[in-house]
Amino acid sequence: MGILDSIPHVNAVLSHRPWPRAVVGEAGWQAAIDRLVEGSLTLLGFWGETEAVHMAVLDGGSAEIAVVTYACTAGTFPSVASHHPPALRLERTIHDLFGLVPTLADDLRPDLRPWLDHDAWGKSYPLSGHNASRDTRPYQFLPAEGEGLHQVAVGPVHAGIIEPGHFRFTANGEHVVRLEQWFGYTHKGIESLMQGASLRAAAKLANRTSGDSAVAYAFAFARAAEAALDVEAPQRATWLRALMAELERLANHLGDIGAICNDASFALMHAQTGILRERCLRAANVAFGHRLMMDVIVPGGVTRDIAPDGVSALRALLAELRRVFPRLIELYDNTASLQDRTVTTGIVKADYARRFGAGGYVGRASGRNFDARRTLAYAPYDQLSFEVPVLDAGDVNARVWIRIREVEQSVELIGQILDRLRPGTLETALPPGNGRGAVEGMALAEAFRGDVLVWLRLDGALRVERCHLRDASWFQWPLLETAIEGNIIADFPLCNKSFNCSYSGADL
C-alpha cells in the first residue's frame, strides 16, 4: 500500500511523476500530520504558494515519497507545527512569504513570529502579491523561568567571515538551559527571483542558494527539471555530475574536520586538512574550470566536459589523500586533549534525529540510517559501490568520525567514477515550450550536509512558475538547540562547528 492509499480523503491525484502529488481535504491533511507524529512518515519538505501549501513526506520503510497539497481557500491551513515541531520554521516562512495563516483548535495562537522578515517588508508578503496586516511588534524570544538565569546574546554579527545569525542563550552560570536561534539575515529572495526565470537562469540561482553546496543544488535542480520534462541526461553527464558531487563533499568534509579541531585549540589538524581542502579546490578548478564547480550542471546534462588534464589532476589528488589522510586520522584519534573536548559533547538524541529527519552527518552520527544516494538510489549511484557510515553516540566526536569515513568513501567513489568514464554526449536537448500547460518535478540530491530537495513547476514556455529549495539545515539547526542544552557556553563554538549548518540555505 502506497503513502496516498494510507491517507484518507484524497480529493485528486495530480501527478505520478517523479512522485505522486495529491490534493487532500482537511481530514486528509490531518491524517498526514498524524502519520508524521506517529513516526511512520518523515517530513521532507513543507512550502507554500499563493493559495496552497504542500508537504513532501517519506515512508522510511518503503523509501516511497509523496507530495500532499492542501488548498488554502480562506487563506488558512491546519497547523502542522503545532503537532510536529520539525515543521515550525518552515511554517513561519510560509506565513512570511505568502501571508497564509496556520490555524489551531481551541482558540490557541499559532507561532507567527517572522523568520525571514526583519521589520523590512512593511505590510507586503513578497510571494503573494497582496498586502495584509503583519505582526510588527519587536521580535520576542521565548521566555525561560527559574532562579539564577541570565541571557547571553551572540550575533548576528560574528567574529571572522561566517554568515550572520542570532543565538540567544539562557544560562545558569556557564551551563546552557536554553538556546533559541533567529535567522533570516542572509535572505536573498531566491524563490521570488526564480519566478518567471528561464531554466538556465533558474539553474544559476539554484547554484547560489548555499555556495558550499553549489554542485548538490545544481544536481537536485537539474534532476527536478528533467523529471518535470521527462528527459534524461546523457550517461557521461550523469557520471560527471557524481564526480563533481563527491569532489565537493571531499573539500567540505576536510575543511570541517580541521575547523572542528581548531575550535578545540588543535590548530595542527586545521592546518593539515586546510592544505588537503585546497588541493581539492585546485583539482576542481583544473578539471571543471571553477573551484566550486558552479554553473556546470544544468537541466539536460552538463555545460562542459572534464578538462584534458582533469583526470590526471584528480588521480594525483586521490593518491595524496590516500597517503596523508590516514596519518591525520591517527593523529585525531590519539590526541587525548582533543578527545576530551569532542567525546560526549553536544549529544543529539537518536529519537530527535529520527523525528526531525536529520540528514547527513548530524543524522547518521545519531543512528539515522539515511543517505539519498543509497536510499533513493538515483543515477549513477545505483551503479556504484559504497558504504554509508552510521554511529549511535550522537556527539561531536561521532560527527567527526562520520565525516572521516565519508572522506574515505568519496575517495573510493571518485576512483570508481574515473574508471567508468566513457566518451559520450554532454547534454540532452530539452523540449521546446509549446504551451502544453504546467508540469511539475521534484528531486533530492545528497549534499555534504545531507539531502537537498528541489520542487518546481514550469509553465508552457518552460519558465519557472514556482520553485522551492530546501536545505538539510532546516531540520538540523533546531537539533543544535537541543545538543547544547546542559553543556557550557564555551562548548557552543565546538558544537556549532560540528553541525556546520548553512545560514544561507535556511534564509532563502
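In this text, all values refer to a predicted model and were calculated from it rather than measured experimentally.
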Close side-chain approach of [X] and [Y], heavy atoms under 4.5 Å:
X	Y	value
Leu205	Thr209	no
Ile65	Val57	no
Val411	Phe325	no
Val67	Thr69	yes

Test side chain to side chain donor-acceptor pair (under 3.5 Å) applied to Asp471 and Trp477, Tyr217, Tyr503, the passing residue: Tyr217

Considering only NZ, NE, NH1 and NH2 on the basic side and carboxylate oxygens on the acidic side, decide whether [X] and [Y] come within less than 4.0 Å.
X	Y	result
Arg364	Glu446	yes
Arg373	Glu246	yes
Glu320	Arg327	no
Glu180	Arg113	yes
Arg322	Glu408	no
Asp256	Arg403	yes
Arg355	Asp351	yes

So [X] and [Y], would you call those rings parallel, tilted or perpendicular, with 30° and 60° as cut-offs?
X	Y	value
Trp29	Phe46	tilted
His95	Tyr125	perpendicular
Trp115	Trp474	tilted
Phe386	Tyr381	perpendicular

Between Tyr185 and Phe183, does the ring centre distance come in under 6.0 Å?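 No: the rings miss the under 6.0 Å criterion.
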
I'd like to know whether NZ of Lys188 has more than 12 heavy-atom contacts from other residues, nucleotides or ligands below 6.0 angstrom.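 Enclosed.
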
Start with the C-alpha distance between Arg341 and Asp491, add both sets of side-chain angles, then the distance that settles salt bridge (Lys or Arg N to Asp or Glu O under 4.0 Å), and finish with yes or no. CA-CA 8 Å; Arg341 293 294 309 280; Asp491 276 337; 3.1 Å; yes

Check: Val343 main-chain N/O paired with Asn397 side-chain donor or acceptor under 3.5 Å: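 No, because the side chain of Asn397 does not come within donor-acceptor range (under 3.5 Å) of the backbone of Val343.
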
